Amino acid sequence: MKTEREKQFEKYYRQIEAIEESIKNLNEQAEHLGIETRFIPYKLFKEQVEQLEEIQTYFNEVKMAPDQNTSEAILTISLKQFHQFIQGLKS
């Protein structure tokens with residue numbers, strides 16, 4: 001017999017699988033419809049969540065536009081900056 005905690009973990013992992021399947025289906029549908037936006041499943045560790053929250057706090061202090069202070073916007077900026085860094089290393 002499973003403990004309540006084990007049942008909660010099983011439910012958690014089933015929900016993760018459902019999210020990943022939904023992302024796969026949305027991306028397939030977007031591709032079929034010619035929509036360029038794609039979703040990626042990503043998981044942040046506690047430290048990364050804290051870093052993201054610190055960035056959002058800073059952006060609030062400097063009155064960053066709300067649409068640029070979302071997790072998605074911050075991660076997009078970060079990816080762009082990292083890509084530029086890598087391109088600089090290549091040249």
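Note that the structure is predicted; figures quoted are calculated from it, not measured. The figures here come from the full heavy-atom set of this structure, side chains too, leaving out hydrogens, waters and symmetry mates.
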Are [X] and [Y] linked, directly or through other ILVMFWY residues, by side chains that come within less than 4.5 angstrom of each other?
{"X": "Y58", "Y": "L44", "answer": "yes"}
{"X": "I55", "Y": "V49", "answer": "yes"}
{"X": "Y42", "Y": "F39", "answer": "no"}

Can you name the nearest heavy-atom pair linking [X] to [Y], along with the distance?
{"X": "L52", "Y": "S71", "result": "CD2-OG, 3.4 Å"}
{"X": "Q68", "Y": "I74", "result": "O-CG1, 4.1 Å"}
{"X": "T37", "Y": "A30", "result": "O-CB, 3.8 Å"}
{"X": "K43", "Y": "Q48", "result": "O-OE1, 4.1 Å"}

* N69 side chain to F59 main-chain N or O, any donor-acceptor pair under 3.5 Å? -> no
* Check: T3 main-chain N/O paired with E6 side-chain donor or acceptor under 3.5 Å -> yes
* Asked: After noting the C-alpha distance and the side-chain angles of M64 and Q56, does the key distance pass the side chain to side chain contact (heavy atoms under 4.5 Å, CB included) rule?
  -> CA-CA 9 Å; M64 179 72 76; Q56 289 175 313; over 6 Å; no
* CD/E31: more than 12 non-hydrogen atoms of other groups inside 6.0 Å -> no
* To do: Please indicate whether Q84 has more than 12 foreign heavy atoms, meaning atoms of other residues, nucleotides or ligands, lying under 6.0 Å from its CD.
  => yes
* Does E28 come within less than 4.0 Å of R38, counting only side-chain N to carboxylate O? -> no
* To do: In plain terms, say whether K24 and E20 are close enough for a salt bridge, that is, a side-chain N and a carboxylate O under 4.0 Å apart.
  => no
* Heavy-atom distance under 4.5 Å between the side chains of Q29 and H32, does that happen here? -> no
* Donor on one side chain, acceptor on other, H83 and Q87, under 3.5 Å -> yes
* What class does the angle between the rings of F9 and Y12 fall in, given that below 30° is parallel, 30 to 60° is tilted and above 60° is perpendicular? -> perpendicular
What's the separation between atom [atom1] in [X] and atom [atom2] in [Y], rounded to the nearest 0.5 Å?
{"X": "I16", "Y": "E21", "atom1": "CD1", "atom2": "CD", "value": "14.5 Å"}
{"X": "Q51", "Y": "E47", "atom1": "CD", "atom2": "CD", "value": "5.0 Å"}
{"X": "I77", "Y": "L75", "atom1": "CD1", "atom2": "CG", "value": "9.5 Å"}

